[in-house]
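Data block below; observations after.
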Amino acid sequence: METIFSKILRGEVPCHKVYEDDRVLAFLDIGPLTRGHVLVIPKEPAETLDELSDESAAAIGRVLPRLCRAVKRVTGVKAYNVLENNGPLAHQAVFHVHFHIIPKPNETEGLGVGWRPGKLGDGESLAAELRAALAG
Ligand code: 5GP
């Protein structure tokens, strides 16, 4: 699917580039939640994380910690969230995989998370189902 990030990858839309290699591009978010909000995207055009190849996933995984260290060093903010949304219901607005690195300087700024934990009732059968899905 053609997205604004495809255009950024092709250089048709400008961005403030932070990092680039053969498989990955990182740039500043145009609407930062906080200063230092960086987006990390694969060059591969996958819509959601489950569609991404192992190679692109590995390439992103390899540079994410380094990018987080740079964001921490430059902003001086120690706490941060790494966020990756999949699907409109999960707040995905651009349908090209992207990881957000979002500094969290205090309680009010940065990412707010609504987290209402439930109870794990069928843990073992669910884990077994997932193991089977992974094997299949
Ligand atoms: P999502 O909600 O899909 O996880 O986040 C999409 C992100 O892309 C948003 O944080 C938004 O600010 C950012 N974004 C959308 N369009 C552009 C753009 O043209 N340039 C940049 N740098 N970021 C963008």
Side-chain angles (χ1 to χ4, degrees):
M1 189 202 253
E2 177 70 11
T3 69
I4 188 74
F5 292 171
S6 328
K7 293 193 172 80
I8 287 176
L9 282 168
R10 291 199 298 269
E12 293 165 14
V13 166
C15 72
H16 296 289
K17 190 193 295 185
V18 171
Y19 173 86
E20 183 170 19
D21 65 29
D22 288 353
R23 293 185 184 274
V24 180
L25 178 71
F27 51 95
L28 296 181
D29 194 296
I30 204 168
L33 281 190
T34 47
R35 183 169 179 272
H37 184 164
V38 167
L39 297 175
V40 187
I41 72 171
K43 291 188 173 177
E44 182 186 328
E47 205 172 301
T48 52
L49 190 57
D50 50 283
E51 294 174 359
L52 194 63
S53 68
D54 286 358
E55 290 72 23
S56 290
I60 288 180
R62 207 160 32 235
V63 295
L64 259 180
R66 213 186 313 160
L67 286 163
C68 292
R69 284 194 289 275
V71 168
K72 276 180 78 171
R73 191 172 314 143
V74 168
T75 61
V77 176
K78 288 198 176 73
Y80 62 95
N81 294 94
V82 174
L83 175 71
E84 198 277 320
N85 299 325
N86 299 278
L89 193 59
H91 303 285
Q92 184 178 16
V94 178
F95 298 102
H96 181 119
V97 169
H98 51 282
F99 288 78
H100 299 257
I101 302 172
I102 310 167
K104 181 77 181 161
N106 53 54
E107 291 245 344
T108 50
E109 292 175 276
L111 184 70
V113 180
W115 191 288
R116 294 193 300 275
K119 288 231 182 314
L120 181 60
D122 61 341
E124 195 38 47
S125 64
L126 179 57
E129 258 190 87
L130 289 165
R131 287 194 295 270
L134 280 166

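In each ligand, atom 1 is the first atom listed, and ligand 1 is the first ligand listed.
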By chain and number, the residues contacting ligand 1 below 4.0 angstrom (heavy atoms only) are Ile4, Phe5, Ile8, Phe27, Leu28, Asp29, Ile30, Gly31, Leu39, Asn85, His91, Gln92, Ala93, Val94, His98, His100
If you look only at distance, which donor and acceptor atoms sit under 3.5 Å apart when one is on a side chain in residues 38-45 and the other is two or more places apart or in another chain?
residue: Lys43; atom: NZ; partner: Glu20; partner atom: OE2; Å: 2.7
residue: Lys43; atom: NZ; partner: Asp21; partner atom: O; Å: 2.8
residue: Glu44; atom: OE1; partner: Ser53; partner atom: OG; Å: 2.6
residue: Glu44; atom: OE1; partner: Ser56; partner atom: OG; Å: 2.7
residue: Glu44; atom: OE2; partner: Ser53; partner atom: N; Å: 3.2

Looking at His100 versus His98, is the centre-to-centre ring distance below 6.0 Å?
yes
With a 3.5 Å cut-off and sequence neighbours excluded, list the donor-acceptor pairs that the side chains of residues 73-85 form with protein atoms.
residue: Thr75; atom: OG1; partner: Val71; partner atom: O; Å: 2.7
residue: Thr75; atom: OG1; partner: Val77; partner atom: N; Å: 3.1
residue: Glu84; atom: OE1; partner: Asn86; partner atom: ND2; Å: 2.6
residue: Asn85; atom: ND2; partner: His91; partner atom: O; Å: 3.4

Can you pull out every salt bridge (charged side-chain N to carboxylate O under 4.0 Å, His left out) where at least one residue sits in residues 113-136? Sequence neighbours excluded, please.
Glu124-Arg131
Heavy-atom closest pair (Tyr19 atom, Arg66 atom, distance to 0.1 Å) is CE1-NH1, 4.0 Å
Side-chain touch Leu25/Lys17, heavy atoms, less than 4.5 angstrom:
yes
